[in-house]
Amino acid sequence: MAESATEGYLGPIVTSQPTTGGLFEEAAEPGTGSAAPLAERMRPATFDEFVGQEHILAEDKVLRRSIEADRVPSLLFWGPPGSGKTTLARLIATVTRAHFEPVSAVSAGVADLRKAVKGANDLRSLYGRPTILFVDEIHRFNKAQQDVILPHVEDGTITFVGATTENPSFEVNAPLLSRCRVFTLHALDEDAMTGIVERALSDEDRGLGLLAPELEPDAVAHLVNIANGDARVALNALEMAVVAAEPGEDGVRRISVEEISDALQRRTPQYDKAGDSHYDTISAFIKSVRGSSPDGALYWLARMLEAGEDPLFIARRLVILAAEDIGLANPGALPVAVAAQQAVHFIGLPEGRIPLAEATVYLATSPKSNAAYVALNRATEDVRNAPHEPVPLHLRNAVTGLMRGMGYGKDYKYGHDVEGHFEEQEYLPPGLSGRRYYEPSDQGSEKAIAERLRRWWGDED
């Protein structure tokens with residue numbers, strides 16, 4: 001991008017313009033208009049060109065009105081890749097006639113931020129010109145780096161606009177977050193993606209129009225489907241397929257589904273093993289198993305495995321599920337889950353997917369009970385809140401004569417000495433006598449446990 005200056009009512013107006021001419025321009029593919037990737041060339045220059053995100057950019061929405069009134073606060077855009085976060089930030093700078101200063105948190109450091117702030121201060125002092133400091137992938141900045149921005153947001157030196165694919169509640173410092181309005185962008189739907197692709201195919205200035213491309217209807221649908229809501233992925237794959245295609249006798253470059261597949265290779269998963277997608281997907285997996293949906297559980301399992309999730313992480317969740325959500329309704333669930341964990345650890349991927357799938361289906365189709373988990377929580381609550389009384393004497397182990405003389409073990413009833421191997425006695429401290437923590441469900445094997453306990457403890461209905 002090159003900087004050009006035009007005269008404005010507050011002095012020189014510096015705007016970012018696509019570089020034209022020069023060595024790289026001459027080397028560009030004929031008809032593409034620029035050496036920049038198609039996704040970069042097709043960035044919307046006006047709100048009329050911007051596709052999607054109507055929930056925040058419709059004419060009656062507060063963000064749109066704030067931009068058009070040139071009263072833009074510091075902002076955080078949270079959304080998946082290719083949803084338009086950077087494009088929207090650039091568009092705000094264009095509409096508000098502000099200098100746009102982009103910084104990537106992937107490669108920039110404190111020195112880069114201070115340099116950007118100094119430039120913003122000079123522009124404001126010399127020309128009264130505002131600066132939008134755009135920090136892409138803001139979640140990659142640590143606390144110290146984010147703190148550098150804060151005072152300059154407060155004194156108005158910059159208008160901060162951050163973009164992140166991660167939940168800003170967890171990834172952005174509270175002081176900076178409190179000074180920003182957070183707007184959530186959604187993955188582009190099929191209609192929006194189709195519109196973007198069709199515009200790129202027909203645009204003869206910035207797009208591929210001069211190359212006379214023609215996509216089969218199924219090829220457009222396939223491109224939109226596999227791009228998965230990411231406009232950047234769709235446009236860059238489209239450009240690769242069109243440029244690589246040989247023109248026919250009529251000059252038309254016809255693109256098939258197979259050629260689109262070759263350019264895309266595979267669906268790009270919206271998944272970050274350290275971010276929201278990781279937690280959201282494992283949550284969907286857990287809830288599917290808990291909800292006895294083997295199909296849902298297998299789908300989310302496949303999503304995680306395709307995205308490169310650690311299989312041992314999944315196996316650990318299965319072990320927890322077996323104990324927490326199935327419990328004694330099916331005592332075989334825990335051994336199956338542990339066996340799957342051991343198998344995955346032993347054989348690795350890709351074969352490790354098979355025992356994971358087997359355990360997933362077994363757990364999802366098992367009867368469910370969280371009674372043991374709930375019982376533990378109830379007992380823990382009493383441990384934390386009730387007085388800690390001494391262990392009753394009859395439950396203490398008398399290992400010396402002195403202890404026996406003090407009553408340790410006195411009146412303890414040894415269950416194996418009686419018929420049925422059960423002898424009723426109190427096992428809780430006096431202050432908790434009669435308390436019931438474990439209440440078995442009527443599911444699977446736990447139904448027999450419930451009947452046994454009622455018989456033992458005289459709780460028959």
Side-chain angles (χ1 to χ4, degrees), residues 80 167 187 222 225-229 261 264-377 438-453:
N167 190 329
H222 183 63
N225 175 48
I226 302 301
N228 207 24
S261 295
L264 279 165
Q265 291 300 308
R266 62 180 290 176
R267 181 187 297 271
T268 301
Q270 293 180 0
Y271 195 89
D272 183 343
K273 288 189 283 183
D276 282 355
S277 293
H278 164 84
Y279 295 108
D280 289 346
T281 309
I282 194 63
S283 176
F285 175 72
I286 291 168
K287 289 179 170 64
S288 298
V289 174
R290 181 184 295 142
S292 300
S293 171
D295 301 308
L298 286 169
Y299 172 79
W300 296 116
L301 173 64
R303 278 272 291 263
M304 289 187 287
L305 292 171
E306 283 295 295
E309 181 59 83
D310 178 4
L312 286 174
F313 168 75
I314 302 172
R316 287 192 292 271
R317 294 309 312 182
L318 286 170
V319 172
I320 295 168
L321 273 163
E324 178 180 342
D325 293 297
I326 297 169
L328 295 175
N330 180 5
L334 186 56
V336 166
V338 172
Q341 185 272 331
Q342 291 295 312
V344 171
H345 181 71
F346 180 62
I347 64 177
L349 293 177
E351 292 85 353
R353 302 181 316 136
I354 303 169
L356 283 178
E358 180 181 337
T360 295
V361 171
Y362 186 86
L363 268 59
T365 56
S366 288
K368 306 296 189 298
S369 172
N370 68 343
Y373 175 59
V374 170
L376 176 61
N377 288 339
Y438 177 55
E439 297 179 2
S441 71
D442 60 356
Q443 298 297 304
S445 299
E446 211 164 34
K447 182 175 182 180
I449 296 174
E451 294 172 352
R452 190 181 310 129
L453 287 177

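Along the sequence shown, residues are numbered consecutively beginning with 1. Keep in mind that this is a model prediction, so the values were computed, not measured.
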Non-hydrogen atoms of Pro367 and Gln443 that approach each other most closely = CB-CB, 4.1 Å
Minimal non-hydrogen separation, Pro331 against Pro335, with atom names = O-CD, 3.1 Å
Nearest heavy-atom approach of Pro311 to Val344 is CB-CG1, 3.7 Å
Do side-chain atoms of Lys368 reach the backbone of Leu363 as a donor and acceptor pair under 3.5 angstrom?
-> yes
Shortest non-hydrogen contact from Pro80 to Ala187?
-> CG-N, 3.6 Å
What's the spacing between Glu451 CD and Asp442 CG if we round to 0.5 Å?
-> 10.0 Å
Does Asn167 reach the side chain of Tyr279, with side-chain heavy atoms less than 4.5 Å apart?
-> no
Kindly compute the distance separating CG (Leu321) from OG (Ser366), expressed to the nearest 0.5 Å.
-> 11.0 Å
Please table the atom pairs, donor to acceptor, closer than 3.5 Å between any side-chain atom in residues 313-320 and protein atoms at least two apart or in another chain.
none

Rounded distance [0.5 Å steps], CH2 in Trp300 versus OG in Ser293 | 11.0 Å
Does the side chain of Tyr362 pick up a donor-acceptor pair with the side chain of Asn330 at under 3.5 Å?
-> yes
Nearest heavy-atom pair of His222 and Ser261: which atoms, and what distance?
-> NE2-OG, 2.7 Å
Would you check if Leu328 and Tyr438 make a side-chain contact, meaning some heavy-atom pair closer than 4.5 Å?
-> yes
Verify whether one side chain among Glu446 and Ser441 offers a donor that lies under 3.5 Å from an acceptor in the other.
-> yes
When every non-hydrogen atom of Ala297 is compared with those of Phe285, the smallest separation belongs to O-CD1, 3.3 Å
Reported CZ-to-CG distance for the pair Arg303 and Leu298, which is rounded to 0.5 angstrom = 14.0 Å
May I have all residue pairs that pass salt bridge (charged side-chain N to carboxylate O under 4.0 Å, His left out) and include part of residues 325-353, sequence neighbours excluded?
-> Arg290-Asp325
First locate atom CD1 of Ile326, then atom OH of Tyr373, and finally report the distance between them rounded to the nearest 0.5 Å.
-> 15.0 Å
Nearest-0.5 Å distance that lies between atom CD in Gln341 and atom CG in Leu356 = 10.0 Å
